[in-house]
Colleague: 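I am attaching a structure below and will ask some questions about it afterwards.
Excluded from the calculations below are hydrogen atoms, water molecules and symmetry mates; all remaining heavy atoms, backbone and side chain alike, are included.
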Amino acid sequence: MSAPPLNPNKNNKIATPFSLRLTFDERAALEQSAGSRPLGAYIRSKLFGGKEAPRRRRTRTRKPLKDEKALGELLGKLGESRLASNINQLAKAANSGSLPVTPDTEKALQDACDDVRAMRILLMQALGYYFSEV
């Protein structure tokens, strides 16, 4: 068996990549079989039966979300909250000096803080960084 071709741009230390064209159906079947593993790692494991050379670990995976339902809830809350518009209105009123501090205003601000806190918790849960509510 001959040696793999070498990459001339990297001082001949790294083998050149190999491309493979697949139909949409073939790729979909491979992605389905790979699950959350990167497609390249899955293909190497199938080709070499688990005897492939160890790879440098990456911090990112193909499917980084831990809980897509929680992320959907977060996006729904952001959409229905009108948070950006409300904060902009409060900032304008505060800058002009026309923001009266009434119990209603204080409650609205507290509710906005609670909404932001809930969204933060949902986002952290969706990304897998936060497991209990505070």
Side-chain angles (χ1 to χ4, degrees):
M1 195 165 168
S2 65
L6 299 174
N7 186 342
N9 296 331
K10 299 286 185 178
N11 297 327
N12 295 334
K13 293 182 181 179
I14 299 174
T16 58
F18 178 81
S19 297
L20 174 66
R21 293 190 187 270
L22 302 169
T23 66
F24 289 110
D25 292 337
E26 290 169 336
R27 183 172 179 131
L30 280 173
E31 287 177 345
Q32 176 83 24
S33 297
S36 63
R37 292 183 67 191
L39 194 55
Y42 174 75
I43 291 170
R44 273 192 302 280
S45 72
K46 288 297 179 184
L47 283 173
F48 301 112
K51 297 177 184 173
E52 65 272 10
R55 300 282 173 183
R56 180 179 50 145
R57 297 217 20 113
R58 294 181 134 180
T59 57
R60 191 175 68 172
T61 63
R62 192 169 65 86
K63 293 183 180 177
L65 298 179
K66 179 176 176 12
D67 187 350
E68 291 179 16
K69 181 181 177 195
L71 186 59
E73 282 184 50
L74 169 67
L75 293 174
K77 280 192 173 287
L78 277 173
E80 69 189 29
S81 73
R82 297 180 39 220
L83 187 62
S85 174
N86 293 343
I87 289 174
N88 189 38
Q89 289 173 2
L90 288 170
K92 282 183 182 179
N95 286 333
S96 69
S98 64
L99 180 65
V101 181
T102 65
D104 288 341
T105 304
E106 194 171 337
K107 180 172 179 357
L109 288 171
Q110 187 60 49
D111 289 346
C113 290
D114 292 343
D115 288 345
V116 170
R117 193 173 297 112
M119 287 185 276
R120 178 185 172 273
I121 290 169
L122 285 171
L123 179 59
M124 297 297 280
Q125 287 173 338
L127 295 174
Y129 296 119
Y130 194 79
F131 298 102
S132 63
E133 295 191 25
V134 176

Colleague: Let me see the working for Arg37 and Ser45 under side chain to side chain contact (heavy atoms under 4.5 Å, CB included), right down to the final yes or no.
Modeller: CA-CA 11 Å; Arg37 292 183 67 191; Ser45 72; 3.4 Å; yes
Colleague: Can you tell me how far apart CG (Leu20) and CG (Leu30) are? Round to the nearest 0.5 Å.
Modeller: 8.5 Å
Colleague: Does Ser85 have any side-chain hydrogen bond (donor to acceptor under 3.5 Å, both in side chains) partners at least two apart in sequence or in another chain, and if so, which?
Modeller: none
Colleague: Enter the distance from Lys107:NZ to Gln110:CD here, rounded to the nearest 0.5 Å.
Modeller: 9.0 Å
Colleague: If Ile, Leu, Val, Met, Phe, Trp and Tyr residues are connected whenever their side-chain heavy atoms lie under 4.5 Å apart, and connections chain through other members, are Ile43 and Phe24 in the same group?
Modeller: no
Colleague: Applying salt bridge (Lys or Arg N to Asp or Glu O under 4.0 Å), name anything that partners Asp114, two or more places apart in sequence or on another chain.
Modeller: Arg117
